[in-house]
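Predicted model only: the values in this text are computed from it and were never measured.
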Amino acid sequence: MSAELPTGPLSAAEHAEMWRAAVATAYVPMAVEFLEDEPAPGTISSHRLGPMRILQVRAAPQAATRTRRMIERDESAALILTLQQSGTALKEQDGRETLIRPGSFSITDASRTFRKRVAEDFVFTSFHFPRAALDVEERHLRALTATAFAPEGSAALVATYLAGMAREAPALDEAVGRRAAATALDLLSLVVEDRCGRERPPQAHAAASLARIKDHILRNLGDPDLSPSGIAEANHVSVRFLHKLFQQEGATVGAWIRAQRLERCGRDLRRPMAEQAGVAGIARRWGFVNSSHFSRAFRAFYGMAPREWQLLGRSEG
């Protein structure tokens with residue numbers, strides 16, 4: 001879902017009032033100070049993926065402050081990760097003051113006072129989620145607020161993933177969106193721990209990698225050329241490591257992909273659009289290019305032919 005919150009064209013006073021209301025609604029209550037006498041209109045676009053709200057902001061120079069009194073009135077236990085795209089921000093929280101340049105990201109804890117100032121036109125994407133959703137120790141989180149995560153190493157992986165997730169958010173259905181958000185939070189927790197010099201147990205690393213890889217597979221199920229080598233390359237792991245991750249779940253990469261495709265084919269065959277799309281069309285949509293192979297795989301999975309499954313669903317409905 002997307003909502004646009006424009007501010008103009010309006011008078012300076014109307015502009016200020018409407019923008020402050022938009023910021024408070026999209027984020028948390030903050031005192032906004034414009035750094036120009038007549039700032040240009042700004043926009044906030046919002047999408048939700050599971051517990052995470054993705055907000056894309058474009059605006060004129062300004063400063064935003066969250067005070068202790070605001071926190072007392074609105075005790076939000078939320079974190080805000082901001083990926084700076086243009087304009088350099090000055091972030092202040094927990095006794096630190098850091099410049100966040102384009103390409104870098106930073107973390108803000110809305111449960112404590114903070115200030116952000118951008119002295120030029122800016123664009124950023126932020127990710128707003130409950131504190132409880134990020135599996136990191138409080139002391140590590142406090143050590144990293146208002147610090148810059150430059151686009152290098154593990155932080156570059158997170159920044160790239162978040163930017164791609166934000167671009168694709170409008171097209172993701174609810175289930176895939178939840179998985180994408182969960183993967184983003186897993187990756188972020190690993191980066192926090194990496195920055196603090198503490199690694200998770202190997203099984204936790206494996207779980208995060210597997211979640212990220214499954215998310216990639218689900219977003220590319222319709223590609224008939226989806227293969228272990230391509231999946232491994234896209235996720236920066238070896239083919240051997242990829243197979244090992246799935247073996248730990250008692251499955252193979254190919255079997256897991258096939259099961260996901262067949263589940264979606266079975267679902268689509270019982271939808272109203274099935275008659276128009278046809279069995280072959282639905283199969284192609286989910287990566288099956290050979291009709292005979294699809295029919296055999298479908299029968300082995302469901303215990304009946306695709307057409308029988310479709311007719312059974314119609315009679316049950």
Whether R285 side chain and G222 backbone form a donor-acceptor pair below 3.5 Å
no
Rounded to the nearest 0.5 Å, what separation is found between the CZ atom of R271 and the CD atom of Q276?
14.5 Å
Side-chain donor/acceptor of Q260 to backbone N/O of L218, under 3.5 Å
no
Do I107 and L90 belong to the same hydrophobic cluster, where Ile, Leu, Val, Met, Phe, Trp and Tyr are linked whenever their side-chain heavy atoms lie under 4.5 Å apart, directly or via other members?
no
Min side-chain heavy-atom separation K91-F114 under 4.5 Å
no
Could you give the distance from CZ (R178) to CG (D173), rounded to the nearest 0.5 Å?
11.5 Å
Minimal heavy-atom distance between S154 and D194, with the atoms involved, is OG-OD2, 3.2 Å
Could you go step by step and tell me if R261 and L226 meet the side-chain contact (heavy atoms from CB on, under 4.5 Å) rule?
CA-CA 12 Å; R261 284 173 166 167; L226 191 64; 3.8 Å; yes
Taking the side chain as every heavy atom from C-beta outward, state whether R115 and E33 have any pair of such atoms under 4.5 Å apart.
yes
Lys/Arg cation over aromatic F149: R195, 6.0 Å, 45° cone
yes
Any chance the side chains of T145 and D94 put a donor and an acceptor closer than 3.5 Å?
yes
Tell me, yes or no, whether the heavy-atom count around E263 atom CD, taken from other residues, nucleotides or ligands under 6.0 Å, exceeds 12.
yes
When you compare the side chains of Q62 and W19, does any donor N or O come within less than 3.5 Å of an acceptor on the partner?
yes
Quick check on the hydrophobic clustering: are F34 and V123 connected, directly or via other members, by side-chain heavy-atom contacts under 4.5 Å?
no
In terms of heavy-atom contacts, A211 and T183 come closest through O-OG1, 3.4 Å
Heavy atoms, side chains only, cut-off 4.5 Å: are D121 and P61 in contact?
yes
Can you tell me if R270 uses its side chain to pair, donor with acceptor, with the backbone of W309 under 3.5 Å?
yes
R284 CZ to F294 CZ distance, which is reported to the nearest 0.5 Å:
11.0 Å
Do Y161 and H216 pass the side-chain contact (heavy atoms from CB on, under 4.5 Å) test, and can you show the C-alpha distance, the side-chain angles, and the key distance before you say yes or no?
CA-CA 11 Å; Y161 184 86; H216 170 83; over 6 Å; no
Heavy atoms only: give me the nearest A283-C265 pair and the separation to one decimal.
CA-SG, 4.2 Å
Donor-acceptor contact present, side-chain R20 to main-chain V32, <3.5 Å
yes
If every non-hydrogen atom of V176 is compared with every non-hydrogen atom of L172, which pair is closest and at what distance?
CG1-CD2, 3.9 Å
Side chains of S126 and L81, heavy atoms from C-beta outward: is any pair under 4.5 Å?
no
Which atom names give the shortest non-hydrogen contact between P228 and L242, and what distance separates them?
O-CD2, 3.3 Å
Distance, nearest 0.5 Å, that separates CD1 of I231 from CG of N220
8.5 Å
Are R131 and E138 ion-paired here, with the side-chain N under 4.0 Å from a carboxylate O?
yes
May I ask you to test the L262-W286 pair for a side-chain heavy-atom distance under 4.5 Å?
no
Closer than 3.5 angstrom, by distance alone: can the side chain of T98 be matched with the main-chain N or O of A146 as a donor-acceptor pair?
yes
side-chain contact (heavy atoms from CB on, under 4.5 Å) assessment of F124 paired with I100
CA-CA 11 Å; F124 64 73; I100 313 299; over 6 Å; no
Got E168 and L49 here, is their nearest side-chain heavy-atom distance under 4.5 Å?
no
M165 and A181 have their tightest heavy-atom pair at SD-N, 3.9 Å
Just verifying a value: how many Å separate R96 CZ and R142 CZ, rounded to the nearest 0.5 Å?
9.5 Å
Under the side-chain contact (heavy atoms from CB on, under 4.5 Å) rule, what do K214 and E249 come out as? Steps first, then yes or no, please.
CA-CA 12 Å; K214 284 183 175 180; E249 287 203 336; 2.8 Å; yes
Can you tell me if R267 has over 12 outside heavy atoms packed within less than 6.0 Å of its CZ?
yes
Salt bridge between R264 and D268, side-chain N to carboxylate O under 4.0 Å?
no
For the residue pair Q85 / T125, report whether a side-chain donor-acceptor contact shorter than 3.5 Å exists.
yes
Using a 4.5 Å cut-off on heavy atoms from C-beta on, say whether the side chain of M70 contacts that of V28.
no
Same apolar cluster: L269 and L312, side chain cutoff 4.5 Å
yes
Does R68 pair with E72 as a salt bridge, N-O distance under 4.0 Å?
no
Are V289 and F298 grouped together when hydrophobic residues (ILVMFWY) are joined by side-chain heavy atoms under 4.5 angstrom apart?
no
Rounded to the nearest 0.5 angstrom, the CG-CD1 distance for L55 and I80 is 8.5 Å
In terms of hydrophobic clustering (I, L, V, M, F, W, Y; side-chain heavy atoms under 4.5 Å; direct or indirect links), are V239 and I213 co-clustered?
no
Could you check whether any side-chain heavy atom of R117 comes within less than 4.5 Å of a side-chain heavy atom of L35, counting everything from C-beta outward?
yes
Counting only N and O atoms by type, is there a donor-acceptor contact under 3.5 Å from the side chain of S189 to the main-chain atoms of V136?
no
